[in-house]
Amino acid sequence: MVYVKAFVIGGIICVLAQILMDKTKMMPGRVMVTLVVAGCILGALGVYEPLTEWAGCGATVPLTGFGYNLWKGVKEAIDIHGFLGLFRGGFKAAASGTASALIFSYIASLLFQPKMKK
């Protein structure tokens, strides 16, 4: 049942992103930023945490989950460091995911030798 919940919530998030791309003139980059900001806002409102507990990776893996992770890191850092936590928390919370994405994409580029389109 855990897999079904993750699939449904992750699918709903992806469908919403696809609707944004199809029905508006937003470019994919802006849609991605919108999803991250939506995750931050939903995290601040207290809506996203129960969703992550219920749906697991279906809510944490999409870009809204990245935004929620940033919010959670900022909130914890503000509680510990005060105003400076506003600048430190997001970096600390997202560091491992960002570093992993960079490392694995570099390895993939070495293995598959991508070429520029002409």
Side-chain angles (χ1 to χ4, degrees):
M1 193 62 179
V2 174
Y3 296 119
V4 173
K5 289 191 259 185
F7 179 78
V8 168
I9 295 300
I12 289 171
I13 292 169
C14 291
V15 165
L16 292 174
Q18 190 65 47
I19 289 170
L20 279 175
M21 285 194 288
D22 289 346
K23 299 297 181 186
T24 67
K25 293 184 179 184
M26 292 175 72
M27 298 300 287
R30 291 189 182 194
V31 172
M32 291 190 311
V33 170
T34 302
L35 291 172
V36 172
V37 170
C40 288
I41 292 170
L42 291 173
L45 295 175
V47 175
Y48 210 77
E49 186 168 356
L51 185 64
T52 60
E53 291 173 3
W54 185 78
C57 289
T60 58
V61 170
L63 285 172
T64 50
F66 180 71
Y68 168 69
N69 190 29
L70 287 174
W71 162 253
K72 196 165 75 169
V74 167
K75 182 180 173 222
E76 290 171 2
I78 287 174
D79 291 341
I80 296 170
H81 302 289
F83 181 73
L84 289 178
L86 185 65
F87 305 103
R88 298 171 71 180
F91 291 120
K92 188 174 180 182
S96 62
T98 305
S100 299
L102 289 171
I103 290 168
F104 290 121
S105 61
Y106 180 71
I107 291 170
S109 73
L110 291 176
L111 293 174
F112 298 108
Q113 310 229 344
K115 294 181 178 55
M116 294 294 290
K117 290 184 178 180
K118 294 183 182 189

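Within the structure, the side-chain hydrogen bond (donor to acceptor under 3.5 Å, both in side chains) test picks out the following pairs touching residues 87-106 (sequence neighbours left out): His81-Arg88. The side-chain hydrogen bond (donor to acceptor under 3.5 Å, both in side chains) contacts involving residues 1-14 comprise nothing, where partners must be two or more places apart or lie in separate chains.
The cluster map of Ile, Leu, Val, Met, Phe, Trp and Tyr, joined by side-chain heavy atoms under 4.5 Å apart, puts Tyr48 and Leu70 in different clusters. Two different hydrophobic clusters hold Leu84 and Ile80 under the rule that ILVMFWY side chains link at heavy-atom gaps under 4.5 Å. When the side chains of ILVMFWY residues are joined at heavy-atom separations under 4.5 Å, either directly or via intervening members, Leu42 and Val74 end up in two distinct hydrophobic clusters. Under the 4.5 Å side-chain contact rule for hydrophobic residues, Leu111 and Ile103 share a cluster.
Listed by chain and residue number, Val33, Ile41 satisfy the side-chain contact (heavy atoms from CB on, under 4.5 Å) test with Val37 (two or more places apart in sequence, or in another chain). Residues satisfying the side chain to side chain donor-acceptor pair (under 3.5 Å) test with Tyr68, not counting sequence neighbours, are none.
Here the closest non-hydrogen pair linking Phe91 and Phe87 is CD1-O, 2.9 Å. Scanning both residues, Ala93 and Gly73, for their nearest heavy atoms gives CB-CA, 3.6 Å.
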For residues 52-61, please give each side-chain donor-acceptor pair under 3.5 Å, one per line with the distance, not counting sequence neighbours.
unit_1, atom_1, unit_2, atom_2, d
Thr52, OG1, Glu49, O, 2.7
Thr60, OG1, Gly56, O, 3.4

For residues 8-21, tabulate all N or O donor-acceptor pairs below 3.5 Å that involve a side-chain atom, not counting sequence neighbours.
unit_1, atom_1, unit_2, atom_2, d
Gln18, NE2, Asp22, OD1, 3.1
Gln18, NE2, Asp22, OD2, 3.4

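Taking SG of Cys40 as the start and CG of Leu45 as the end, the distance is 11.0 Å to the nearest 0.5 Å. The OG1 atom of Thr64 sits 6.5 Å away from atom CG of Leu35, with the distance rounded to the nearest 0.5 Å.
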